[in-house]
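I have placed the structure first, in the form of structure tokens, so that the comments after it can refer back to it.
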2 protein chains.
Amino acid sequence: MTVLKSAVANAVKTARPARKEPLESAVENTELQLGELSEQLGYSLKRAQLKIFENFLRCVAPLQLTPAQFSVLLLLDKNPGRNQTEIANTLGILRPNFVAMLDGLESRELCARLRSTNDRRSHIVVLTDKGRAVLARAKKLVAAKHEARLNEILGPAKRAALLDMLATIAREL
Amino acid sequence: MTVLKSAVANAVKTARPARKEPLESAVENTELQLGELSEQLGYSLKRAQLKIFENFLRCVAPLQLTPAQFSVLLLLDKNPGRNQTEIANTLGILRPNFVAMLDGLESRELCARLRSTNDRRSHIVVLTDKGRAVLARAKKLVAAKHEARLNEILGPAKRAALLDMLATIAREL
DNA sequence: CGATAATTGTTATAGAGTATATCAAATAGC
DNA sequence: GCTATTTGATATACTCTATAACAATTATCG
């Protein structure tokens with residue numbers, strides 16, 4: 001492997017010393033430098049998104065709702081009378097994948113499929129009373145714990161600016 | 001299913017009319033209202049992140065590098081002499097999963113594992129010359145196409161503010 | 001009106017990414 | 001020297017995303 005020759009030479013010289021240094025020096029040598037990586041919007045977005053979803057799951061743990069499920073319930077509440085395809089498309093979920101999602105929510109009696117009277121191929125997806133109640137509780141948890149924490153970290157103005165920028169990216173890119 | 005009684009009554013009244021309306025009216029009735037969903041930072045983040053990754057893949061398609069692979073190469077370049085665990089931890093990738101990632105990059109001769117002289121359990125992961133060349137090309141594509149597009153959409157000031165906020169979230173949440 | 005194309009929900013399957021458990025070899029700590 | 005911990009690897013499972021195909025239904029067009 002000739003491609004390794006210069007790599008070998010470099011690695012021998014720069015290999016990080018074994019962990020026998022004083023603690024202070026070890027701290028310095030432990031953290032990797034992100035360098036240009038921290039300027040990559042995609043990377044920063046991904047890391048932030050993961051953190052936010054983790055926080056969501058923790059805050060809403062009593063209700064055992066994922067972000068995606070919460071989104072579905074919100075959308076059903078705001079847009080009564082819509083079929084599966086419409087809900088799925090709006091959320092960027094593919095139709096086959098939305099079936100299982102809906103199965104899960106329906107099995108918990110949070111929503112239901114009703115055969116449409118206008119088009120017998122499709123289902124109108126409706127929130128049940130239980131679903132409405134769970135959604136209300138979820139909204140409270142999200143507002144009081146999840147979004148409040150983000151507001152605390154960023155402040156209202158920055159949070160609003162962030163939302164605006166993200167919407168712009170999603171729309172224009 | 002008693003939970004459905006009120007849901008049935010509501011659905012019958014509000015079911016979206018079949019697609020027999022004039023076109024103008026149909027346009028109005030097609031778009032779902034996001035309502036509170038658009039105020040959810042997590043949702044907006046996820047949608048933006050997906051868009052950005054799609055754009056990245058398109059811009060860097062000639063080099064067939066995923067965002068994660070690009071991140072690895074950047075980190076290897078910036079932090080010579082580090083082992084697998086360190087690289088993986090920094091990127092939030094679990095050790096077992098990093099093995100396959102590295103297999104892929106190594107099979108393309110973009111990097112190599114060198115058994116460490118300080119600790120024979122571990123590999124120092126090094127960029128090859130080929131890897132360095134591919135990284136340079138990727139950086140150019142990313143700068144000229146991917147990040148430039150984002151800069152175009154947001155402007156430099158907003159882009160910088162966005163990066164800052166995302167870093168804050170990732171650090172504090 | 002009939003034939004064809006398109007749509008809706010579903011099933012099956014595959015791929016990518018993430019998480020956990022386990023292991024052998026090596027190292028660290030006492 | 002013994003035990004605990006670490007490193008990379010393997011195996012496996014789960015979650016999310018994507019594609020193909022199908023039956024039933026609806027839309028379109030001549």
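Nothing here was measured: the structure is a model prediction, and the numbers come from that model. Computation of the quantities below employed the complete heavy-atom set of this structure, encompassing side-chain atoms and omitting hydrogens, waters and symmetry-equivalent molecules. Numbers restart at 1 for each chain; the letters A, B, ... are given by sequence-line order, proteins then strands.
- Looking at the side chain of Val99(B), the nearest of the listed nucleotides dT8(C), dT7(D), dT10(D) is dT10(D).
- Of the candidate nucleotides dT19(D), dT7(D), dT26(D), dT7(D) has the atom nearest to the side chain of Ser122(B).
- Toward the 5' end of DNA chain C, the nearer of the two residues Val125(A) and Leu50(A), judged by each one's closest nucleotide, is Val125(A).
- Between the CG atom of Leu94(B) and the P atom of dT12(D) there is a distance of 19 Å, rounded to whole Å.
- Formation of a donor-acceptor pair under 3.5 Å by the Ser38(A) side chain with backbone atoms of Leu34(A) is not found in this model.
- The distance between atom CZ of Phe98(B) and atom P of dA9(D), rounded to the nearest whole Å, is 10 Å.
- For the pair Ile87(B) CD1 and dT6(D) P, the computed distance is 19 Å after rounding to whole Å.
- Of the candidate nucleotides dT26(D), dG8(D), dG9(C), dT26(D) has the atom lying nearest to any side-chain atom of Arg120(A).
- Of the candidates Leu76(B), Leu105(B), Leu75(B), Val125(B) forms a side chain to side chain contact (heavy atoms under 4.5 Å, CB included) with just one, namely Leu76(B).
- Side chain of Lys130(A) to main chain of Arg108(A): a donor-acceptor pair is present (N/O by atom type, distance under 3.5 Å, no hydrogens or angles).
- One atom, CG of Asn118(A), and another, C1' of dT7(C), lie 15 Å apart when rounded to the nearest Å.
- Salt-bridge check for Lys139(B) with Glu36(A): passed, with a basic side-chain N closer than 4.0 Å to an acidic carboxylate O.
- Between the CZ atom of Arg95(B) and the C1' atom of dG17(C) there is a distance of 18 Å, given to the nearest Å.
- The side chain of Asp119(A) has dT25(D) as its nearest neighbour among dT25(D), dA9(D), dT7(D).
- The interatomic distance linking Met101(A) (CE) with dT15(D) (P) rounds to 12 Å, in whole Å.
- As a whole-Å value, the separation of Glu86(B) CD from dG8(D) P is 8 Å.
- From one end of the helix from dC1(C)-dG30(D) to dC30(C)-dG1(D) to the other, with five pairs defining each end axis, the axis direction shifts by 30° (rounded to 10°).
- A donor N or O paired with an acceptor N or O is not found under 3.5 Å between the base of dG8(D) and the side-chain atoms of Arg121(B).
- Here the two rings, on Phe70(A) and Tyr43(B), have centers that are 6.0 Å apart or farther.
- Among the nucleotides dT19(D), dT7(D), dT27(C), the one closest to any side-chain atom of Pro96(A) is dT19(D).
- At dA16(C), none of the side-chain N or O atoms of Thr66(B) fall inside 4.0 Å of OP1 or OP2 (strictly under the cut-off).
- Each of Glu147(A), Lys145(A), His146(A) was checked for a side chain to side chain donor-acceptor pair (under 3.5 Å) with Asn55(A), and the lone residue meeting it is His146(A).
- Remark: Asp164(B) does not engage Lys158(B) in a salt bridge, criterion side-chain N to carboxylate O under 4.0 Å.
- Of the candidate nucleotides dA18(D), dT26(D), dT7(D), dA18(D) has the atom nearest to the side chain of Asn97(A).
- For the pair Arg113(B) and dG8(D), the criterion of a side-chain N or O lying under 4.0 Å from OP1 or OP2 is not met.
- Atom CZ in Phe53(B) sits roughly 17 Å away from atom P in dC16(D) (whole-Å rounding).
- The pair Glu152(A)-Arg149(A) meets the salt-bridge criterion, with a side-chain N (NZ, NE, NH1 or NH2) lying under 4.0 Å from an Asp/Glu carboxylate O.
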